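Have a look at the structure below before the remarks.
The structure displayed is predicted, hence computed values, not measured ones.
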Amino acid sequence: IPRRYKQKRILGELEMLGLKETCDFLYMPIPHCHRSTSGYAFLNFVDAPCAARAFHVLNRHFFMSSNSNSAWPAQASIARIQGLAANMEHRAKSEANQTRSRTLAVVKAGGGKLIG
């Protein structure tokens, strides 16, 4: 993911790819000393078929960037932590133990929309 991407831009790209409605968790680490993201994000999808489709769509995907000549394709991988509840719990524990980085997380609220 391009480092200058923020949550809103990633969510827009997920929507363009037809993945936003099935994504219930987006987590983007931001190093403490930087204003940009780390260049990666963690996504969770509502079920295994949606996750498999997202993996296929996102792996080798070129994100819409203002400088497409230097864009690198995305590398999708399967995370060790699976499921919305497990991701939320892990994020809460990580933030409690981390003082050197900021994070952005977006989760699907009860209304079905991703929120920050």
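L84 and I81 are assigned to two separate hydrophobic clusters, defined by single-linkage of ILVMFWY side chains at heavy-atom distances under 4.5 Å. Y40 is not connected to F55 by any chain of hydrophobic side-chain contacts under 4.5 Å among Ile, Leu, Val, Met, Phe, Trp and Tyr, and they are in different clusters. In this structure, I78 is not a member of the same hydrophobic cluster as V57, with clusters built from ILVMFWY side-chain heavy atoms closer than 4.5 Å.
Note: K20 NZ to L26 CG = 10.5 Å, rounded to the nearest 0.5 Å. In this structure, the separation between CG on L14 and CZ on R9 is 13.0 Å, given to the nearest 0.5 Å.
Legend: residues meeting side chain to side chain contact (heavy atoms under 4.5 Å, CB included) with A51, ordered by chain and number and at least two apart, are F45. Qualifying ring pair (Phe, Tyr, Trp, His ring centres under 6.0 Å) partners for H61, counting only residues two or more places apart in sequence or in other chains: F63. Residues passing the side chain to side chain contact (heavy atoms under 4.5 Å, CB included) test with E89, sequence neighbours excluded: K93.
Across every non-hydrogen atom of C23 and L43, the tightest pair is SG-CD2, 3.8 Å. Between R53 and G18, the shortest heavy-atom contact is NH1-O, 3.2 Å.
Here the side chains of L19 and E13 are not in contact, with every heavy-atom distance at 4.5 Å or above. The closest side-chain heavy-atom distance from H90 to Y27 is not below 4.5 Å.
Judged purely by atom type and a 3.5 angstrom limit, Q82 uses its side chain to pair as donor or acceptor with the backbone of A79. Between the side chain of N44 and the backbone N or O of D24 there is no donor-acceptor pair closer than 3.5 Å.
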